[in-house]
Amino acid sequence: MTQPVLAVRDLSTHFFTDDGEVKAVRGVSFEVMPGETVGIVGESGCGKSVTAMSLLGLVQRPGKVVHGEIMFKGQDLLKLSNEELRHIRGRDIAMIFQDPLSSLNPVLRIGFQIDEAMRAHDKIPKEDISHRGIDLLKQVRVPDAAHRIKDFPHQFSGGMRQRAMIAMGLSNKPDLLIADEPTTALDVTVQAQILELLRDLNEQTGAAIILITHNLGIVAGLCKRVLVMYAGEIVEEGPVEQIFESPQHPYTWSLLRSVPRIDSNRQDRLLSIEGLPPDLIDLPVGCKFNPRCPFRIERCFSEPPVIEDVAHAQRAACWVTMTRAYDEMGAANITDTSPGAASGVHPQGRRPAADLAVAPAETLSD
Amino acid sequence: MSFVVFLGIHSLPGNTFVNERVRGASLALLLHEYGLDRPVLVQYWDFISHAVQGNFGVSIVNRGEPITPIVLRELSVSAELGGAALLLTIGMGVTFGVIAALRQNTWVDYSLTTFAIIGYSVPSFVIASLGVLIFGVWLFDVTGGAFYYPLTWDGTYGTVVELTVPAVALGLFTSSLVARITRASMLDVIHQDYVRTARAKGVKNRVVVVRHALRNALIPVTSVLGPLIISIITGSVVIENIFGIPGLGKEFINSILSHDYNVTVAVFTMYALLVGVANLAVDLAYTVIDPRIRY
Ligand SMILES: Nc1ncnc2c1ncn2[C@@H]1O[C@H](COP(=O)(O)OP(=O)(O)O)[C@@H](O)[C@H]1O
Ligand code: SF4
Ligand SMILES: [Mg+2]
C-alpha cells in the first residue's frame, strides 16, 4: 500500500492574544496521498489558512502550534529545526496564496523571484535555473515568457501573477503544493483558467495539491477528496462526489445549499448560513456547530462529537448522523428554520432529524 | 533665485565699507571701483553674465581676491561634512531602525527608540556645544584641542574627532528621524504577503529581511531623504559656525555681516547647486529602489 505523502495528526494551533487564547485549529487530522488533490473548505475564519501555515511552520507570533504531528516523508515537521524546515519549504512543499499582487515582491523582477525559489535550495542544478524560469512560465501558459520574465509584478495582470506564483511554487518539483484560495482574488474566467492549469499540472507533474477555498464549487472543479472545516475542526471528509451527493454533517449540508456556481457571475456572493461561527476564544460546549444546527439534540450540548466513519471513505463528526433520507426530509425541515427557531428553542423541543437519523454508534456496528 | 538673493543682499542697510570709516569722495571712489554705484539691475546683469561662466567676481572685503576658488574649496569642505552626516543618517538610522523593528517590544527596541527620541528632540546646536565642551575642552589632552581649522585650511582633518563630532552633531537629528521611519516601515513590511511568500519559498531568514523586507521598507525612507538633505544643509550653517569649520556656512554668515555682496551670492549659488544635485540623486535613487516609479 502506498504511503501518504503527508499525514497530519491531531494538529492544534492557538493564538495567544491579549483577549485570550484563540483556538484557531483544534485536533485536525488528515492524510494526503501522493499525487492526490484534496480540498479544504469552510467559511472564512474557520482555520483553513492557519492549518496550511502550520504545515510549513509559517505561523507567526502570537500563534503557536501547540500540539500534533505532521509526518512528511517519514519525518515529523514539528520536530525539525528552523533550518531543516527551511529546506522543506518551497522545495518539497510549496505554497501559493490568495492575492497574487501582494504576494509578489513589488520591487523584484518576476524572473528573479522564480529563480530565487530555486536558488534557495539545491534541487535544481545551478546552470539550469535561468532557462528553467522561462520554461516554467511557458508551462503555466504565460505568453511571451522569454520577455515577460523580466517584468515587474505590476506589469502583470492578476491572472498572470497567479500563474507566476504557481510557476514559482512548482520550480523545485515539490511533492505537495498548497494553494490557499488561489482564485479568490481573480475574476471568473481567470478563475476557471487557473483551476484548469492546476488540474493539468497535477496530472503532468504528479504533485499532490491541497486546495483551500471557501467555495465548494471550486473544490468540485479540481479535487477528488474534500475536508470540511468548521471552527478549527474537520467536521466531515470524503470523496467529492459522495459529499456533494449525500453530505453527512449538517454544516456540509448548509454549505452545499449555499454553494455558488463557478460559472455564475455572482460567484463570490456566498449565500450565508444563518448565524455566525463561534468565538474561537470561548467555544460552545459540546458540538461547536450547535448554536446554528437545526438538528441538534441534547447530547450535542454536552459532548463534542468525534469524527467517525459514516459511509465508505466518508467520515463526519455529528451525533445525529444523517442517512440518505436526510436529503428529502431534513431539507424540508431546514427550509422553515428561522434563526430564532434555531437558537431560541430548547434543543429538546426541536429534533427534526432525530428519528430519521441513525446514531453514529449503530452505523458503525455493521 | 539668484536674483532674489541679489536684490535682498543689496537692499540691506549700509555697505561693505561702513566698518572702514571711509567717507565722502574716497567712499564714492571705492563704490565706483566695484561698480556698486550703478543701478542694482545693471549690477545684477553684470554679475549673472559672469556667473554663468563660473566667475563670481572678486571679493570686496579682501580686495581683489577672486571668489570662485574660495567658494569651491568651501563647498568641498561643506560637502564633506554634509556627506559624513548623510552617511551617518542613512547608515545608523537604517541599521538602528531595522534592529528595533526585528526586536520589537524588547529592551533593545525600547532603548533605541528612547535614543532616537532624544536625538530628534535636542537641537543640533546644543549637541554641537556639548561636543566642543567634551572633545575640545575636557578631553583637550587626548584630542589636542581637536577643532582647530586654520584659515588656509587645506581640507584634511587633523584628528578623527575633527570630522566625526561635527558630523554627529549635524546628523543626529536626521538619523534619529530615519531610524524612526525605518522602524515603522519595517514593522509594516514584515507583515506583508510577499515576505510570507519569501519565507514559504525557503529563502534564508537573513535574505528575507534584507532583500524582501528592507528593500521595500526603504521606499518611505527614500521619499523623505530630499527634505532631510535640506535639513542637513541648513543645519551645517549653524554647525560650521560653532566648530569654526571654514565651509560655506561659515562664509555665508561672514559675508553677510561684512556686506561682501558677491561672496554671499556665490555662496547661495553653491547651496542651490548642492540642493539641486541632492534632489536629482534622491530622484534617481527612488527610481532604482521602486520600479513602479517612472518619470
Ligand atoms: N495573527 C492572528 N492573531 C490572532 N488570531 C488569528 C491570527 N491569525 C488567525 N487568527 C484566528 O484564526 C482563525 C482562523 O483564521 P484563518 O485560518 O485565516 O481562516 P480561514 O479559514 O479564513 O483561512 C481566525 O478566525 C482568527 O480568529
Ligand atoms: S446534530 Fe448535534 S452534533 Fe450534529 S452538527 Fe448538529 S449540533 Fe453538532
Ligand atoms: Mg484564509
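Chain naming here is simple, since letters A, B, ... match the order of the sequence lines and numbering starts at 1 in each.
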Within-4.5 Å side-chain heavy-atom neighbours: B:R215 and A:L108 = yes
Residues in side chain to side chain donor-acceptor pair (under 3.5 Å) with A:H87, at least two apart?
-> A:E83
Report, as yes or no, whether the 6.0 Å neighbourhood of atom CZ on A:F16 holds more than 12 heavy atoms from other residues, nucleotides or ligands.
-> yes
In A:R119, A:M118, A:Q113, the residue satisfying side-chain contact (heavy atoms from CB on, under 4.5 Å) with B:K201 is A:Q113
Between B:P291 and A:H154, which heavy-atom pair has the shortest distance, and what is it?
-> O-CE1, 3.7 Å
Please check if atom CG in A:D144 has more than 12 non-hydrogen atoms from other residues, nucleotides or ligands closer than 6.0 Å.
-> yes
If you round to the nearest 0.5 Å, how far is OH of B:Y194 from CG of A:D99?
-> 12.5 Å
Taking every non-hydrogen atom, the tightest pair across A:S102 and B:D193 = OG-OD2, 2.6 Å
A:L104 portion near chain B, given a 4.5 angstrom heavy-atom threshold = backbone
Turns out that what part of B:V195 lies under 4.5 Å from chain A's heavy atoms comes down to neither
Considering all heavy atoms of both residues, which atom of B:T197 and which atom of A:S103 are nearest to each other, and what is their separation?
-> OG1-O, 2.7 Å
Are more than 12 heavy atoms from other residues, nucleotides or ligands located less than 6.0 Å from atom CZ of B:R180?
-> no
Nearest heavy-atom pair of B:V203 and A:R86: which atoms, and what distance?
-> O-CD, 3.8 Å
Mind checking the CZ-CG spacing from B:R199 to A:L85? Nearest 0.5 Å is all I need.
-> 12.5 Å
Any side-chain heavy atom of A:E116 within less than 4.5 Å of one from B:V207?
-> yes
Turns out that what part of B:I219 lies under 4.5 Å from chain A's heavy atoms comes down to side chain
Enumerate by number any residue of residues 120-130 of chain A whose heavy atoms lie under 4.5 Å from heavy atoms of chain B; in the absence of such residues, state 'none'.
-> A:A120, A:H121
